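Below is one structure, written out as structure tokens; the observations come after it.
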Amino acid sequence: MSLAYGIIAIISLSMVGICVLADKKRDEWLIWLFVSVAVCNLGYFMLSVSKELDAALNSNRITYLGSVFLPFFLLMMVQRFCKIKRNKKITTLLILLGVVMLGITTSPGILPIYYKTVGIEFAGGGTKLVREYGPRGLTPSDRQFIADRFRDKDYVPRSYFVGATPDNNYEPSEPLTIKFFENPYARQNIDEGYLTLQVESGGADSPRQIRLRTKPSTGEWFLWEQFILSDIRPPKSADPWA
């Protein structure tokens with residue numbers, strides 16, 4: 001892994017020189033874009049060969065130094081290419097936003113505001129950070145998606161209860177029961193703290209998945225990803241062809 005990162009870093013640094021020599025107009029945003037990619041890849045390489053946590057964290061900071069401003073440089077290039085007049089106030093605001101994001105992403109090892117805990121492990125021929133972000137809340141899009149499902153297709157959540165089928169309009173049996181089970185691949189990422197469970201829906205042809213993540217300090221498990229709110233067969237009462 002370290003060898004691959006090293007080769008990519010050398011190629012990226014070489015591209016900076018090629019860009020400077022080949023671009024006769026000296027497009028500064030294009031040059032900064034190549035510099036950002038090179039710095040980012042250099043950080044990945046340094047991280048992969050780090051032997052101590054402090055060195056790994058410093059390498060990670062270099063990686064974010066390259067990646068945080070990369071979208072900004074790309075936006076400036078697109079604006080120039082499309083001949084859109086640049087607004088100085090918006091440009092300044094975007095730079096300040098990038099500085100704030102850089103401060104947050106380079107805080108691990110100083111403040112627990114980006115990673116709750118962080119360590120290193122040696123695997124696959126290199127070093128990688130082992131990060132814990134902590135339990136995460138629902139994003140606005142998550143909330144909207146769930147609200148839409150409960151408002152327009154409230155039968156989708158009910159379909160996971162035992163006995164709920166399209167023929168009985170997803171009326172579950174009592175006592176209310178949901179059965180989760182594991183398949184042969186459920187624990188393939190258990191060492192990283194993830195467990196994948198399957199659950200049957202009365203309106204789907206195959207089981208749906210949820211992914212849990214554990215918090216080692218407390219032994220608690222949290223919902224990390226879910227694939228249980230996608231469309232299923234409508235209830236008989238809502239099917240015009242039933």
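Just so we're clear, the structure is a prediction, and the values are computed from it rather than from any experiment. Every heavy atom of this structure was used, including side-chain atoms; hydrogens, water molecules and symmetry mates were not.
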Linking I/L/V/M/F/W/Y whenever their side-chain heavy atoms sit closer than 4.5 Å, directly or via other members, would [X] and [Y] fall into one cluster?
X: Val49; Y: Ile10; result: no
X: Leu93; Y: Met76; result: no
X: Ile18; Y: Val35; result: yes
X: Ile31; Y: Phe81; result: no
X: Ile8; Y: Met46; result: no

Taking [X] for the side chain and [Y] for the main chain, is one N or O donor matched with an acceptor at less than 3.5 Å?
X: Asn169; Y: Lys236; value: yes
X: Asn189; Y: Glu192; value: no
X: Glu174; Y: Leu176; value: no
X: Ser201; Y: Gly203; value: yes
X: Asn41; Y: Val37; value: yes
X: Asn168; Y: Gly163; value: yes

Please report the interatomic distance [atom1]([X]) to [atom2]([Y]), rounded to the nearest 0.5 Å.
X: Leu53; Y: Asn58; atom1: CG; atom2: CG; answer: 9.5 Å
X: Thr165; Y: Ile232; atom1: OG1; atom2: CD1; answer: 10.5 Å
X: Leu42; Y: Leu13; atom1: CG; atom2: CG; answer: 6.0 Å
X: Leu129; Y: Asn60; atom1: CG; atom2: CG; answer: 5.0 Å
X: Leu33; Y: Glu28; atom1: CG; atom2: CD; answer: 12.5 Å
X: Gln79; Y: Ile90; atom1: CD; atom2: CD1; answer: 8.0 Å

Can you tell if the side chain of [X] reaches within under 4.5 Å of the side chain of [Y], non-hydrogen atoms only?
X: Arg158; Y: Lys153; result: no
X: Leu30; Y: Cys19; result: yes
X: Val16; Y: Ser12; result: no
X: Ser59; Y: Ser50; result: yes
X: Ile210; Y: Thr196; result: no
X: Val162; Y: Ile178; result: no
X: Arg208; Y: Tyr160; result: yes

Applying side-chain contact (heavy atoms from CB on, under 4.5 Å), name anything that partners Phe69, two or more places apart in sequence or on another chain.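 In terms of side-chain contact (heavy atoms from CB on, under 4.5 Å), with neighbours along the sequence ignored, Phe69 is linked to Phe73, Val99, Leu102.
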Can you name the closest pair of heavy atoms from [X] and [Y] and give their distance?
X: Gly43; Y: Thr63; answer: C-OG1, 3.1 Å
X: Leu212; Y: Leu223; answer: CD2-CA, 3.9 Å
X: Pro234; Y: Tyr170; answer: C-CE1, 4.1 Å
X: Gly193; Y: Trp221; answer: O-CZ3, 3.6 Å
X: Phe45; Y: Ala9; answer: CB-CB, 4.3 Å
X: Thr127; Y: Leu47; answer: CB-O, 3.3 Å

Taking 4.0 angstrom as the limit, do Glu182 and Arg187 come out as a salt bridge?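 Here Glu182 pairs with Arg187 in a salt bridge, since their nearest N and O are under 4.0 Å apart.
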Partner set under salt bridge (charged side-chain N to carboxylate O under 4.0 Å, His left out) for [X], not counting sequence neighbours:
X: Asp167; value: none
X: Arg233; value: Asp205
X: Glu220; value: none

With side chain to side chain contact (heavy atoms under 4.5 Å, CB included) as the test, would you mind laying out the steps for Val78 and Cys82 before giving the verdict? CA-CA 6 Å; Val78 171; Cys82 296; 4.1 Å; yes
Determine whether more than 12 heavy atoms belonging to other residues, nucleotides or ligands lie under 6.0 Å from atom [atom1] of [X].
X: Tyr185; atom1: OH; result: no
X: Met101; atom1: CE; result: no
X: Phe180; atom1: CZ; result: yes

Verify side chain to side chain contact (heavy atoms under 4.5 Å, CB included) between Thr177 and Phe161, making sure each step is shown before the conclusion. CA-CA 5 Å; Thr177 306; Phe161 288 99; 5.9 Å; no
Start with the C-alpha gap between Leu94 and Leu75, add the side-chain angles, then the distance that decides, and say whether side chain to side chain contact (heavy atoms under 4.5 Å, CB included) holds. CA-CA 10 Å; Leu94 290 175; Leu75 176 63; 3.7 Å; yes
Does anything in residues 83-103 pair up under salt bridge (Lys or Arg N to Asp or Glu O under 4.0 Å), and if so which pairs, sequence neighbours excluded?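 For residues 83-103, and leaving out neighbouring residues, there are no salt bridge (Lys or Arg N to Asp or Glu O under 4.0 Å) pairs at all.
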Output every pair passing salt bridge (Lys or Arg N to Asp or Glu O under 4.0 Å) with a member in residues 56-77, not counting sequence neighbours, ordered by first then second residue.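 Matches after skipping sequence neighbours: none remain.
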Looking only at the side chains, is there a donor atom on one of Tyr64 and Tyr114 sitting less than 3.5 Å from an acceptor on the other?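 Side-chain D/A pair, Tyr64 to Tyr114: present.
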Distance flag, aromatic centroids of Trp29 and Phe34, threshold under 6.0 Å: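 Phe34 vs Trp29: aromatic centres not under 6.0 Å.
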Can you confirm if the NZ or CZ of Arg211 lies within 45° of the ring axis of Tyr194 and under 6.0 Å from the centre of its six-membered ring?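 Yes, a cation-pi geometry holds between Arg211 and Tyr194.
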Report the C-alpha separation of Phe181 and Val199 in whole Å, then their side-chain angles, then the decisive distance to 0.1 Å, and conclude whether the side chain to side chain contact (heavy atoms under 4.5 Å, CB included) test is met. CA-CA 6 Å; Phe181 61 94; Val199 58; 5.7 Å; no
